[in-house]
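Encoded as structure tokens, the structure appears first; notes follow it.
Atoms within a ligand are numbered from 1 in the order they appear, just like the ligands themselves. The model shown is predicted, which means the values in this text are computed figures rather than measured ones.
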Amino acid sequence: MTRCLNCGSERGADICDACGLSSTGAELSLRKRLLNRTAIFVLGALAFIAASVRYPPLELDGVFIFIGVLFFATLGVAIWVERRALRHTEVEAMKRIYYGLVPIPWLLAVLLVLNGALDHGKPEVERERVVGKFAMAGALPIRRLVVTSWREDHRLEHISISRSDFDSYHSGDIVDIKVQGGLVGIPWISGISSP
Ligand SMILES: [Zn+2]
């Protein structure tokens, strides 16, 4: 049994009874849709990164590793579906998995924005010492301040900071870090200042 790559219904002949496309037409239609959804997915990943810069979660590096794994796994599924479509083999199950993965970065971006933008709680101010900093240039520059941790089970914290803050803090400085609880319980950093 083969299924139409376009509409997913069973087909006996080259022309699909349900949508009227030939197997070649159905393949083109599927690949076009894959491309569109991939664009939506990539934009979602960028929206997520923008949200995590604006409302940086305390566990930012863990969040980035998670989104990185999700990103490459999802693109891997997309490539797999496309290669199977080229050979006109069964793609229905994997296609549904792929379509299910596409909105996830958008949902996570919305979650981070809600967590930060609607968090009207008073921040906890933690006074800590800067022990280092590092920056990586690139399309998505990364700047982190390494400070001693206020959490019992952590030695250091890596705080995402703006370029101007990056230039003005140095090892040994004492800083006040504003930590918010987050509307949905994801702790995030709302600011850094000198005491
Ligand atoms: Zn069809």
Quiz: residues 137-145 side-chain donor-acceptor pairs under 3.5 angstrom, not counting sequence neighbours:
from, atom 1, to, atom 2, distance (Å)
R144, NE, D61, OD1, 3.4
R144, NH2, D61, OD1, 3.4

(message) Restricting to distances shorter than 2.8 Å, give the number of protein N, O or S atoms close to the Zn ion (ligand 1).
(response) 4
Show me the side-chain donor-acceptor pairs of residues 65-72 shorter than 3.5 Å, one per line, residues at least two apart or across chains.
none

(request) May I ask you to check whether S193 and D176 show a side-chain donor-acceptor distance below 3.5 Å? (result) no
(message) Could you check whether R31 pairs with E82 (Lys NZ or Arg NE/NH1/NH2 to Asp/Glu carboxylate O, under 4.0 Å)?
(response) yes
(message) Can you see whether S23 engages D14 through a side-chain donor-acceptor pair at a distance of less than 3.5 angstrom?
(response) yes
Would you tabulate the side-chain donor-acceptor contacts of residues 104-117 under 3.5 Å, counting partners in other chains and residues two or more places apart, or write 'none'?
from, atom 1, to, atom 2, distance (Å)
W106, NE1, I40, O, 2.9
N115, OD1, L183, N, 3.1
N115, OD1, V184, N, 3.0
N115, OD1, I186, N, 3.3
N115, ND2, I186, O, 2.7

